2 protein chains.
Amino acid sequence: MGISDDTEQHRPEGRGPTLEDVARVAGVSRATVSRVVRGDVQVHQDKVDAVQAAVHTLGYVPNNAARSLASRQTGAVALIVPEHESRVFTDPFFVSAISGVTAGLDPGDKQLLLVLTSPEDRARIRRFLRGGHADGLLVVSHHEGDLTEEMLEEATVPVVFIGRPPRGCSAPFVDLDNTGGGRLAARHLLERGRRRIALICGPQDMPAAVDRRIGIETELAEAGITPVWRSYGDFTLASGEREMAALLASDTSFDAVFASSDLMALGVLKKLEGRGIRVPDDVAVVGFDDIASAADDTISLTTVVNPGRRLAELGATMLLDLLAGRETAQSLVLCPELAVRSTT
Amino acid sequence: MGISDDTEQHRPEGRGPTLEDVARVAGVSRATVSRVVRGDVQVHQDKVDAVQAAVHTLGYVPNNAARSLASRQTGAVALIVPEHESRVFTDPFFVSAISGVTAGLDPGDKQLLLVLTSPEDRARIRRFLRGGHADGLLVVSHHEGDLTEEMLEEATVPVVFIGRPPRGCSAPFVDLDNTGGGRLAARHLLERGRRRIALICGPQDMPAAVDRRIGIETELAEAGITPVWRSYGDFTLASGEREMAALLASDTSFDAVFASSDLMALGVLKKLEGRGIRVPDDVAVVGFDDIASAADDTISLTTVVNPGRRLAELGATMLLDLLAGRETAQSLVLCPELAVRSTT
DNA sequence: GTGAAAGCGCTAACAC
DNA sequence: GTGTTAGCGCTTTCAC
């Protein structure tokens with residue numbers, strides 16, 4: 001329209017009312033207004049009323065930047081996901097995590113800063129950590145070495161991990177007892193009379209995958225049983241199919257498959273169905289996660305419940321407690337449960 | 001451990017180096033440091049070097065709050081999703097949107113503020129809009145009346161809608177031509193010789209659902225055909241099943257079903273399979289969205305492609321352009337494409 | 001309980 | 001080009 005030139009930057013228009021304005025209208029000092037606005041106690045009811053009235057008529061809203069600058073608090077919490085963006089939204093766990101964090105953050109009124117960044121982009125992560133953008137950090141990381149202790153030390157704010165943090169990192173965390181989950185799956189299979197058990201494990205650079213494998217192997221070992229097969233997928237459906245195909249091609253005799261994630265279990269089921277192998281008559285299948293479709297009645301997968309959403313919610317709550325100086329459990333490890341359905 | 005009391009608030013530890021410190025070390029003024037840090041041009045190379053050296057040795061990182069306060073810019077962009085949190089993460093479209101926005105925001109270095117809030121919580125939205133938390137807003141809203149024009153006026157920053165904004169709202173947007181998509185589906189079904197077409201539409205308080213319905217009906221009408229059935233789901237798989245069951249129970253004779261979302265189409269397919277009805281031999285099925293599982297070879301659903309991720313990415317780019325005062329297309333409407341697979 | 005005043009760390013005119 | 005000088009709007013001692 002001819003009114004813009006290309007150096008023009010968009011700016012918020014004329015400033016709204018400030019504390020000062022409210023103070024003037026209410027006939028008190030700025031300090032008093034500040035106290036009322038923040039809900040400080042020590043103020044006479046008369047003045048509180050006057051200030052609130054002024055706030056209302058003026059439509060006053062505190063300026064975040066000014067508040068942060070003066071108080072050294074940002075009012076935001078960051079969820080750091082050091083994963084490739086492509087993975088984040090295909091992995092149901094991350095989606096649950098985002099969802100849970102959102103819910104857990106609700107009571108405190110912190111904004112959620114979503115920081116998705118590839119693990120390689122350390123410079124960016126570091127910059128963020130040092131920038132003081134958030135009052136606290138939630139890290140949902142699955143891989144070893146994504147965020148080293150050293151990097152976390154750059155963060156001068158509390159950090160809570162969702163999922164066990166990488167080795168050597170002493171931050172508080174919330175996690176599922178994945179080892180226990182593995183044991184649970186093993187015990188269930190054994191109780192069902194299965195003895196020739198195949199394992200399709202997850203990527204071993206992920207603590208959760210390692211724990212699940214150790215859990216099931218330990219439990220089996222205690223029953224004097226060795227898995228008839230073990231291979232590794234990457235938690236995706238495609239990898240489940242692939243490993244199942246490999247197992248079938250190997251001529252191994254088996255009567256049960258434990259897949260370390262539901263997505264992989266789905267791949268397993270698909271392959272089995274394709275070959276006309278009956279589940280659970282010929283082969284029992286146990287997954288891990290309890291994603292939504294596992295409960296679907298045409299699938300009905302027996303699986304270890306991984307309450308990702310709840311975990312994330314607890315993590316957010318823990319961080320909020322930490323920030324408020326409230327007492328809080330140091331770290332939480334949830335007991336796994338088994339959802340027994342039709343594949344076993 | 002006895003060192004904390006319950007009034008204690010967690011605070012970032014001792015302040016890091018400031019512009020002033022850098023200026024002192026580099027032997028220049030604060031203004032010059034500021035220029036260098038922001039990448040302003042007009043500075044002699046000597047000083048640039050000196051400043052950068054000082055920044056490096058001191059480990060200086062700009063303070064965001066101070067910068068925002070002085071510049072009246074926040075360095076953040078908010079993605080507002082006025083949906084119930086439970087819906088957001090089950091709807092693949094929103095997940096794509098978040099993913100796409102993340103990608104689109106990458107070039108500008110804005111932080112992503114994720115604002116999920118139930119449409120009822122208008123007070124909270126208003127507070128956010130007026131709080132000046134972000135330099136720009138991206139709104140991905142599906143429902144009519146979620147965010148009224150009035151509310152948007154509270155935002156003093158540029159807004160871009162992902163998906164056509166509600167009636168009466170004149171903000172720029174990016175969207176798919178849903179009407180065109182509907183026509184495409186109709187034409188395809190007609191070309192396949194189908195004449196007795198059933199429609200399972202989406203919720204009619206959503207512009208996208210309305211457009212899809214109008215598109216297919218219009219195209220059919222132009223061919224002199226009236227749908228043999230029309231009912232409404234809520235875009236979920238369960239509702240697809242339910243409506244399909246209703247259709248089957250109705251004794252209507254039909255040779256094709258158009259489901260307004262892939263999730264509903266999946267429900268349709270499931271029901272059809274359960275009844276032993278062959279697809280596409282007895283009944284052709286067309287969906288809308290092209291979610292990941294539609295391409296799965298055991299499903300292989302013919303569907304109208306809804307590039308949600310790309311849409312969101314374009315929206316983010318548009319907002320970035322707006323913020324930078326760059327020239328930008330006012331609004332974008334993408335042409336739909338049909339992914340022809342095995343269900344037609 | 002309340003007010004005065006001193007910054008928080010930075011940007012942006014404006015001079016030089 | 002570069003430095004000087006005001007603030008940005010709020011919180012927070014510190015007196016009263």
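Side chains included, hydrogens not; waters and symmetry mates left out as well; all remaining heavy atoms used. Just so it is clear: chains get the letters A, B, ... in the order the sequence lines come, proteins before strands, and each one is counted from 1. Keep in mind it's a predicted model, so treat the numbers as computed, not measured.
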**Student:** Give the rounded distance in Å between these two atoms: CD of A:Q73 and C1' of D:dT11.
**Tutor:** 11 Å
**Student:** Classify the side chain of B:R72 and the base of D:dG9 as holding, or not holding, a donor-acceptor pair under 3.5 Å.
**Tutor:** no
**Student:** Which is more 5' along DNA chain D, the nucleotide nearest A:N64 or the one nearest B:V43? Just name the residue.
**Tutor:** B:V43
**Student:** Figure out the CG/P separation between A:D40 and D:dC10, and round it to whole Å.
**Tutor:** 16 Å
**Student:** Does any non-hydrogen side-chain atom of B:V37 lie less than 4.5 Å from one of B:P62?
**Tutor:** yes
**Student:** Please work out which residues in residues 23-34 of chain B have a non-hydrogen atom less than 4.0 Å from an atom of DNA chain C and list them by number.
**Tutor:** B:R30, B:A31, B:S34
**Student:** With heavy-atom distances below 4.5 Å as the criterion, would you say the side chains of B:M318 and B:L332 are in contact?
**Tutor:** yes
**Student:** Sequence neighbours excluded, which residues qualify as side-chain hydrogen bond (donor to acceptor under 3.5 Å, both in side chains) partners of A:S99?
**Tutor:** A:R309, B:E85
**Student:** Round to the nearest Å and state the distance from B:Q42 atom CD to D:dG1 atom P.
**Tutor:** 6 Å
**Student:** Give a yes or no on whether the backbone of B:I98 and the side-chain of B:T102 come within a donor-acceptor separation of less than 3.5 Å.
**Tutor:** yes
**Student:** Does the side chain of A:V139 come within less than 4.5 Å of A:P165's, by heavy atoms?
**Tutor:** no
**Student:** Roughly, in whole Å, what's the span from CG in B:L19 to P in C:dG9?
**Tutor:** 10 Å
**Student:** Starting from P on C:dT11, measure out to CG on A:N63 and report it in whole angstrom.
**Tutor:** 16 Å
**Student:** Return each pair, listed once, that meets side-chain hydrogen bond (donor to acceptor under 3.5 Å, both in side chains) where at least one residue sits in residues 49-60 of chain A; pairs must be two or more places apart or across chains.
**Tutor:** A:Q45-A:D49
**Student:** Checking B:T317 now: which residues fulfil side-chain hydrogen bond (donor to acceptor under 3.5 Å, both in side chains) with it, not counting sequence neighbours?
**Tutor:** none
**Student:** Under the rule for ring-ring contact (aromatic ring centres under 6.0 Å, His included), what residues qualify as partners of B:F173, not counting sequence neighbours?
**Tutor:** none
**Student:** Starting at NE2 of B:H44 and ending at C1' of D:dG1, how long is that distance when rounded to a whole Å?
**Tutor:** 6 Å
**Student:** Mind calculating the distance between CD (A:E20) and P (C:dA4) to the nearest angstrom?
**Tutor:** 10 Å
**Student:** To the nearest Å, how far apart are B:R35 CZ and C:dA12 C1'?
**Tutor:** 9 Å
**Student:** Of the non-hydrogen atoms in B:Q111 and A:L114, which two are nearest, and what is the gap between them?
**Tutor:** OE1-O, 4.4 Å
**Student:** Given C:dA12, is OP1 or OP2 found less than 4.0 Å from the side-chain N or O atoms of B:R38?
**Tutor:** yes
**Student:** In degrees rounded to 10°, what angle is found between the helical axes fit to the five outermost pairs at each end of the helix from C:dG1-D:dC16 to C:dC16-D:dG1?
**Tutor:** 30°
**Student:** A:L69 has a side chain; which of D:dC10, C:dA12, D:dG9 sits nearest to it?
**Tutor:** D:dG9
